[in-house]
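Step one of this worksheet: look at the structure below.
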Amino acid sequence: MSAADTTTPAKVPPPRPVPVPPPTGRRPRGQRTSGGAAVPWLLLAPCLLILALVMGYPLARLVTLSFQKFGQSQLWGFQPAESVGFDNFAKVLGDGEFWAVVLRTVIFAGGAVVFTMVIGMALALLLQRVSGWLKILINIVLVASWGMPVIVATTVFKWLFDSDYGVFNALLSKLPGVDMIGHNWFASGPEGLAVIMLLVVWGAVPFVVITLSAGLTQVPKELEEAARLDGAGSWGVFRYVTLPVLKPIIVMLTTLSVIWDMGVFPQVFVMRNGHPEPEFQVLNTYSYDRAFVVNDYAQGSAIALITVLLLLGVVAVYMRQMLKIGEVE
């Protein structure tokens with residue numbers, strides 16, 4: 001018998017059992033409970049119901065009226081509403097006055113949007129360079145002006161540009177060789193619309209400034225410093241660093257400004273004392289005039305529906321730009 005046979009084998013300890021973690025209640029990825037997909041819709045249901053009641057029915061009624069003959073006789077029930085197909089749209093689109101109003105509205109909205117975005121961006125950049133207490137004071141003033149009711153702001157502007165007692169005419173007349181006492185800014189359409197555009201810009205700039213100021217806080221300081229080390233000046237840093245970061249916000253603000261400025265109504269209506277002259281008509285006031293002054297509710301509805309379609313085109317461009325930005329990111 002050899003020594004190897006007489007050697008007692010060493011005892012190997014049994015393996016320790018691996019502890020099983022307690023169940024966490026989580027499910028593997030890709031598996032959802034049967035009611036999980038319905039939870040977001042249940043949460044959105046109250047909001048969707050309110051939107052359907054507040055916007056859905058008026059929009060459906062607008063579409064219905066635009067394809068009917070509907071005047072005062074139909075409104076009071078003396079005659080039934082008649083379906084006329086696309087006759088209302090043919091009359092509107094074949095009217096030269098309508099296209100003049102469309103052109104005036106596009107020019108008005110485009111000018112207001114450009115001035116709003118430029119002034120808003122300039123003020124937002126300047127706010128980044130002022131001290132804390134002054135920035136707080138300016139923000140309070142911006143919020144106060146933004147929260148002012150449109151009717152109140154329009155009344156103030158009517159007083160500022162009044163031909164007899166207007167402060168603006170008095171200030172301009174103090175310049176050498178300038179005499180604006182008694183000048184009527186609303187004697188011509190372009191000058192009057194310029195005053196209304198100034199009112200619209202004044203009301204829209206605070207929102208743009210506050211939003212862009214919030215966006216500027218997200219611009220990485222490291223990128224700005226790197227751009228300056230590479231020799232970029234203030235304009236270069238703004239163009240190649242600040243603008244790309246703010247692009248989604250700028251696209252959003254521009255789109256919202258276009259929608260708001262193309263839908264302007266109370267500023268024009270109140271500034272012209274409820275009776276805008278032909279050279280002051282924009283799409284919304286023109287639709288109102290056709291519906292409630294001429295009492296052709298069907299044609300007014302057709303003009304309003306065309307306006308909605310134009311604004312939907314703007315929204316489509318906005319969504320396309322946002323999708324492009326999302327793909328790049």
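Index from 1, following the sequence.
Applying the under-4.5 Å side-chain rule to Ile, Leu, Val, Met, Phe, Trp and Tyr, the cluster around Ile140 extends to Ile136. Grouping Ile, Leu, Val, Met, Phe, Trp and Tyr residues whose side-chain heavy atoms lie under 4.5 Å apart, directly or via other members, places Leu53 in a hydrophobic cluster with Leu49. The other residues sharing a hydrophobic cluster with Leu103 are Ile107, where clustering joins ILVMFWY side chains under 4.5 Å apart. Here Ile50 is tied into one hydrophobic group with Leu51, Val54, Met55, each link being a pair of ILVMFWY side chains closer than 4.5 Å.
In this structure Phe98 satisfies the ring pair (Phe, Tyr, Trp, His ring centres under 6.0 Å) test with no other residue, sequence neighbours excluded. Not a single ring pair (Phe, Tyr, Trp, His ring centres under 6.0 Å) links Phe280 to another residue, sequence neighbours left out. Residues satisfying the salt bridge (charged side-chain N to carboxylate O under 4.0 Å, His left out) test with Glu222, not counting sequence neighbours, are none. Residues meeting the salt bridge (charged side-chain N to carboxylate O under 4.0 Å, His left out) test with Glu82, sequence neighbours left out: none. Legend: residues meeting ring pair (Phe, Tyr, Trp, His ring centres under 6.0 Å) with Phe168, ordered by chain and number and at least two apart, are Phe161, Trp185. In this view, Phe108 satisfies the ring pair (Phe, Tyr, Trp, His ring centres under 6.0 Å) rule with no residue, not counting sequence neighbours.
Residues in residues 170-184 take part in these side-chain hydrogen bond (donor to acceptor under 3.5 Å, both in side chains) pairs, two or more places apart or across chains: His183-Glu191.
Side-chain heavy atoms closer than 4.5 Å link hydrophobic residues (I, L, V, M, F, W, Y) into clusters, and following such links, even through other members, never connects Trp202 to Val118. In the hydrophobic clustering of this structure, Leu171 groups with Val195; members are Ile, Leu, Val, Met, Phe, Trp, Tyr whose side-chain heavy atoms approach within less than 4.5 Å, directly or through other members.
A salt bridge between Glu97 and Arg290 is present, with a side-chain N of the basic residue lying under 4.0 Å from a carboxylate O of the acidic one.
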- Given Ser188 and Glu279, is the side chain to side chain contact (heavy atoms under 4.5 Å, CB included) satisfied, shown in steps? CA-CA 8 Å; Ser188 67; Glu279 60 269 20; over 6 Å; no
- Task: For side chain to side chain contact (heavy atoms under 4.5 Å, CB included), just list the numbers for Val156 and Leu199, CA-CA rounded to whole Å, side-chain angles, deciding distance to a tenth of an Å, and then say yes or no.
- Result: CA-CA 10 Å; Val156 172; Leu199 169 62; over 6 Å; no
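Across all their heavy atoms, Ala124 and Leu212 have their closest contact at CB-CB, 3.8 Å. The two residues Thr105 and Leu283 make their nearest non-hydrogen contact at OG1-N, 3.1 Å. In plain terms, the two heavy atoms of Arg228 and Val237 that are nearest each other are CG-CG2, 3.9 Å.
Between the Thr217 side chain and the Ala214 main chain, a donor and an acceptor come within less than 3.5 Å of each other. Looking at Arg272, its side chain never comes within 3.5 Å of a backbone N or O of Glu277 through a donor-acceptor pair. Between the side chain of Asp162 and the main chain of Asp164, a donor-acceptor pair closer than 3.5 Å is present. Checking side-chain atoms of Thr285 against main-chain N and O of Gln281 turns up no donor-acceptor pair under 3.5 Å. Asp296 places no side-chain N or O within 3.5 Å of a backbone atom of Ala291 that could act as its donor or acceptor partner.
The one candidate from Trp260, Tyr288, Tyr286 that meets the ring-ring contact (aromatic ring centres under 6.0 Å, His included) condition with Phe265 is Tyr288. Considering Val251, Val245, Ile250 as possible partners of Lys247, the one that fulfils the side chain to side chain contact (heavy atoms under 4.5 Å, CB included) test is Val251.
Cation-pi contact between Arg61 and Phe67: absent, since separation from the ring centre below 6.0 Å together with deviation from the ring axis within 45° is not met.
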Would you mind writing out the side-chain donor-acceptor pairs for residues 297-310 within the sub-3.5 Å range, not counting sequence neighbours?
{"unit_1": "Ser301", "atom_1": "OG", "unit_2": "Tyr297", "atom_2": "O", "d": "2.8"}
{"unit_1": "Thr307", "atom_1": "OG1", "unit_2": "Ile303", "atom_2": "O", "d": "2.9"}

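Side-chain atoms of Phe70 and Thr64, non-hydrogen and from C-beta on, never get closer than 4.5 Å to each other. Annotation: side chain of Met197 is not in contact with side chain of Asp261 (no heavy-atom distance under 4.5 Å).
Shown here is Lys158, whose NZ atom has more than 12 heavy atoms of other residues, nucleotides or ligands within 6.0 Å.
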